[in-house]
Asker: 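Encoded as structure tokens, here's the structure I'll be asking about.
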Amino acid sequence: MKSLGYAAHDKRSPLLPFRFERRDPGPNDVVVEIAYCGICHSDIHQVRDEWGNSIYPMVPGHEIVGHVSKVGSAVKKFREGDRAAVGVMVNSCRACENCKAGVEPYCTKGMVGTYNARDYDGTLLFGGYANNIVVDEHYAFTLSPKLDMAAAAPLLCAGITTYSPLRHWKVGPATRVGIVGLGGLGHMGLKFAHSLGAHVIQFTTSASKTEDAKKLGADEVVVTKDPPAISKHTGSLDFVLDCVSAPHDINAYLGLLRLDGTLCSVGLPEQPLAVSPFAVLTNRRSLSGSMIGGMAETQHMLDYCAEHGIVSDVELTSIDKLPEAYDRVIKGDVEYRFVIDMATLPKI
Ligand code: NAP
Ligand code: ZN
Ligand code: ZN
């Protein structure tokens with residue numbers, strides 16, 4: 001099937017218009033005409049080869065929403081014209097214990113990413129900065145008409161990546177939670193933790209985000225360029241969700257945890273973080289990580305958002321403004337997620 005998108009061809013040059021082929025839809029596939037695609041910091045890490053695993057040409061994008069234009073003969077969940085969404089993964093073995101348990105990101109055969117990845121048959125996969133995508137319906141989600149489409153796009157990565165660990169570590173009314181970094185992921189983590197009833201402390205390096213953090217649901221805001229303000233909270237939190245994209249002192253945030261508390265890092269800086277054994281030994285703390293969420297859980301999260309009126313705070317941009325958008329994400333100068341309006345894709 002013919003597709004048109006924007007691709008990176010190496011780690012330095014700007015993305016350019018790119019024609020490419022996707023597989024023709026099979027019996028279990030749907031074709032989604034993409035209306036909007038979010039810009040995740042992972043797109044930037046991979047376009048710039050900051051994780052050292054980039055495959056070019058690369059069409060990034062894994063926060064995808066649109067409408068179904070074609071359904072395979074065995075498709076059950078969708079009809080032509082339905083809204084649909086696609087996230088960070090598009091295949092897994094579906095037979096291993098983790099797939100069967102509904103935690104497909106941890107597939108023992110290796111989950112298949114939406115882009116910068118090869119499918120099990122070796123096909124190079126392209127993401128959502130494009131006019132369409134072909135995907136097995138198991139990896140596509142239904143989207144309630146209650147959700148604004150552009151503002152729902154970031155739920156497919158930023159949303160599920162923060163919702164899943166908050167649920168796994170049972171965040172609720174009795175818990176005190178810290179969210180570190182108020183970016184795309186962080187602002188969703190803050191909204192979800194607040195919605196789940198926790199007492200939420202937002203940690204940010206940006207004093208200018210203080211008022212926004214309160215509006216988004218923070219009970220307290222700590223500007224982390226002020227170390228005494230952090231230490232005031234030492235040993236007082238049950239759970240910390242670290243959503244920071246760059247190297248930082250994780251020990252300062254581990255120190256916030258009370259007995260048996262957990263810090264879950266969802267941020268993926270390009271350099272390793274140095275962990276002091278003293279920071280985890282004190283209070284028998286745990287350091288963990290979490291990757292997106294399972295397919296059923298992602299659908300559950302989207303339904304939860306529709307029920308509770310939760311979407312991302314987005315700034316719409318056009319596909320020709322990617323360089324500017326990337327620079328602004330890196331500066332933390334977006335409130336709080338860029339979403340590409342795919343109607344701006346040139347019809348070359
Ligand atoms: P983002 O929108 O750029 O947000 C990152 C935030 O981190 C910034 O807004 C800033 O918040 C804070 N920050 C940036 N540089 C910092 C520094 N040097 N020291 C301290 N704080 C800093 O990025 P995102 O899209 O939310 O993604 C965040 C990270 O999660 C990325 O590394 C991304 O690759 C990763 N990720 C992981 C998964 C997963 O499955 N685990 C999924 C998606 C993304 P303040 O201004 O508030 O300080
Ligand atoms: Zn992402
Ligand atoms: Zn599997």
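Remember, it's 1-based here, ligands and their atoms both numbered in the order they're listed. Side chains included, hydrogens not; waters and symmetry mates left out as well; all remaining heavy atoms used.
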Asker: Under a 4.0 Å heavy-atom cut-off, which residues neighbour ligand 1?
Answerer: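 Cys40, His41, Ser42, His45, Trp51, Cys157, Thr161, Gly181, Leu182, Gly183, Gly184, Leu185, Thr204, Thr205, Ser206, Lys209, Cys243, Val244, Ser245, Ala246, Pro247, Val266, Gly267, Leu268, Ser290, Met291, Ile292, Val329, Arg337.
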Asker: If only atom types and distance count, is the side chain of Tyr120 paired as donor or acceptor with the main-chain N or O of Cys93 below 3.5 Å?
Answerer: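 Yes; judged by distance alone, with no hydrogens or angles, the pair exists.
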Asker: Donor-acceptor pair, Asp249 side chain versus Asn251 backbone, under 3.5 Å?
Answerer: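 Yes, Asp249 side chain to Asn251 backbone: donor-acceptor pair under 3.5 Å.
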Asker: Below 6.0 angstrom between ring centroids: does that apply to Tyr115 and Tyr129?
Answerer: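 No, they do not, as the ring centres are separated by 6.0 Å or more.
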Asker: Are Tyr6 and Phe18 near enough that their ring centres are under 6.0 Å apart?
Answerer: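 Tyr6 vs Phe18: aromatic centres not under 6.0 Å.
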Asker: So with a 6.0 Å cut-off around CD of Glu97, is the heavy-atom count from everything else above 12?
Answerer: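 Atom CD in Glu97 is not crowded, with 12 or fewer foreign heavy atoms closer than 6.0 Å.
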Asker: Using a cut-off of 6.0 Å, state whether more than 12 heavy atoms not belonging to His194 lie near its atom NE2.
Answerer: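 For His194, atom NE2 is not crowded (no more than 12 foreign heavy atoms under 6.0 Å).
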Asker: Taking the basic N atoms (NZ, or NE/NH1/NH2) and the acidic carboxylate oxygens, is any pair closer than 4.0 Å for Glu220 and Lys214?
Answerer: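 No, this pair does not count.
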Asker: Could you check if a side-chain atom of Phe203 sits within less than 4.5 angstrom of a side-chain atom of Leu256, using non-hydrogen atoms only?
Answerer: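 Result yes, sub-4.5 Å side-chain heavy-atom pair found.
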Asker: Is a salt bridge present between Arg284 and Asp260, judged by a nitrogen-to-oxygen distance below 4.0 Å?
Answerer: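 Yes, Arg284 and Asp260 are salt-bridged.
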Asker: Extract all donor-acceptor atom pairs below 3.5 Å that involve side chains of residues 71-78 and protein atoms in other chains or at least two apart in sequence.
Answerer:
from, atom 1, to, atom 2, distance (Å)
Lys77, NZ, Glu137, O, 2.9
Lys77, NZ, Ala140, O, 2.7

Asker: Taking side chain as C-beta onward, heavy atoms only, is Val68 less than 4.5 Å from Arg79?
Answerer: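 No; the side chains remain at least 4.5 Å from each other.
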Asker: Under 2.8 Å from the Zn ion (ligand 3), how many protein N/O/S atoms can be counted?
Answerer: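 Atoms of protein N, O or S type lying less than 2.8 Å from the Zn ion (ligand 3) total 4.
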Asker: Taking the Zn ion (ligand 2) as the centre, count the protein N/O/S atoms lying under 2.8 Å from it.
Answerer: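 Protein heteroatoms (N, O, S) closer than 2.8 Å to the Zn ion (ligand 2) number 3.
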Asker: Any ion pair linking Arg23 and Asp119 (charged N to carboxylate O, less than 4.0 Å)?
Answerer: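 Counted as a salt bridge, because a side-chain N and a carboxylate O are separated by less than 4.0 Å.
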Asker: Between Arg94 and Asp136, is there a side-chain N and carboxylate O pair less than 4.0 Å apart?
Answerer: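 Salt bridge present between Arg94 and Asp136.
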